[in-house]
Protein chains: 2
Amino acid sequence: MNRPSVALALVHHPVLDRRGDVITTAVTNLDLHDLARTALTYGVERVYVVTPVAEQQRLAGRIIGHWSEGFGATYNPDRSQALKCLSVAETVEQALENFRSSVPGPVQPVLTAAGCRDGMSIAAARQLLRDESLFVIFGTGWGLAPEFFERGWATLEAIHGPGSSNHLPVRAAAAIILDRLLGDRDF
Amino acid sequence: MNRPSVALALVHHPVLDRRGDVITTAVTNLDLHDLARTALTYGVERVYVVTPVAEQQRLAGRIIGHWSEGFGATYNPDRSQALKCLSVAETVEQALENFRSSVPGPVQPVLTAAGCRDGMSIAAARQLLRDESLFVIFGTGWGLAPEFFERGWATLEAIHGPGSSNHLPVRAAAAIILDRLLGDRDF
């Protein structure tokens, strides 16, 4: 890969619950499958499943192994190809470091938040992507914990449709953001 | 509602399995939650859960009832609001008729298919949406059965990212299509 690329991080800790407390969410089979399939569609290099919990790291590893090497690989080769883009990481820093070591140019970490109204525009992110790779960070639960927003990292402008709410599932938000960043804009 | 609107249909029969045989898929809790939340974000009028199986209709009804009226409505009011946009229908025709009776102007049914390369463009669909409501039909499993494509209904051009595959989960495909149809295009 010589051109800039995109990686995603799906963070299970530290994230918020619906009351705003910092928690650790559980890795779900479905998030991994959905993100992997969407990532493959958009040519995303790598999706990092971030959890500090050793048992959850093993669970994620078993899901990836089942579909990319085990019975699932024979049963559904497309799924196998998709799940190969998944990696498990203990922290976002570890995932970011891994992605930085795997691409030649600079890497910009970009946070996502459903409540962000004055963040980096999609137009700016698309422009950035001409020269730099993006490491786009999604929180599970009720979103990334405040500590992420104290690091000086950019936050992407939230998705707002014409509806009354933007409580998108993280699977849908990631799909829409990848389409906005990497999809054709001929309409 | 006096302006044109959008409804979705999530079809569980007749759809294809991975070998191309016509099957009936099971209603899943997660599809309903994800589509409802995405629909609410984009101001979609209604999401029809289409299944001819009475027990599956009851299951879908129980899920909707739990979150929109039962314990779930108190526990998570946002989710309650989202799930109220869901309706159960026995067939696509029944769902389409229901949607037609609920909006003032004309309604165009539009099929979706991952393999469609020469379908209606998103630009054309956005244009159409100025004057007519759209009823966008998604298949679960490996997609809508061939019989749908013999009715003279338009098919939306498939989503193609820069990646090697477009095996998007139906939850992600619906989110991306709603964003393309109804999202701001200022980038």
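Just so it is clear, the model here is predicted, and its values are computed rather than measured. Here is the naming used below: chain letters follow the sequence lines, and residue numbers restart at 1 for every chain. Side chains included, hydrogens not; waters and symmetry mates left out as well; all remaining heavy atoms used.
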Legend entry - ILVMFWY cluster membership beyond W142(B) - transitive side-chain contacts under 4.5 angstrom: L16(B), V22(B)
Inset, instruction - Check whether Q81(B) gets within reach of chain A through its side chain, its backbone, both or neither, counting any heavy atom under 4.5 Å. - result: side chain
Inset, instruction - Pick whichever of G183(A), P169(A), A82(A), A125(A) has the most heavy-atom pairs under 4.5 Å with chain B. - result: P169(A)
Inset, instruction - Look at A173(A), A174(A), P162(A) and state which one has the largest set of heavy-atom pairs under 4.5 Å with chain B. - result: P162(A)
Legend entry - Heavy atoms of other groups near R151(A) CZ, more than 12 under 6.0 Å: yes
Inset, instruction - Is it possible for you to say whether V110(B) and L129(B) belong to one hydrophobic cluster, with membership spreading through side-chain heavy-atom contacts below 4.5 Å? - result: yes
Legend entry - More than 12 heavy atoms from other groups under 6.0 Å of CZ on R19(B): no
Legend entry - Cluster check V6(A), Y42(A): I/L/V/M/F/W/Y, side chain < 4.5 angstrom: yes
Legend entry - Verify same cluster id: L128(A), L182(A) (apolar side-chain graph, 4.5 Å): yes
Inset, instruction - Return yes when atom CD of E93(B) has more than 12 non-hydrogen atoms of other residues, nucleotides or ligands closer than 6.0 Å, and no otherwise. - result: yes
Legend entry - Pairs of heavy atoms under 4.5 Å with chain A: top-ranked of I176(B), V44(B), L178(B), I177(B): I176(B)
Legend entry - Proximity of residues 24-39 of chain B to chain A, residues having a non-hydrogen atom under 4.5 angstrom: L30(B), D34(B), R37(B), T38(B)
Inset, instruction - Is it possible for you to say whether L40(B) and V88(B) belong to one hydrophobic cluster, with membership spreading through side-chain heavy-atom contacts below 4.5 Å? - result: no
Legend entry - Shortest non-hydrogen contact between I159(B) and D179(A), atoms and distance: CG2-OD1, 4.5 Å
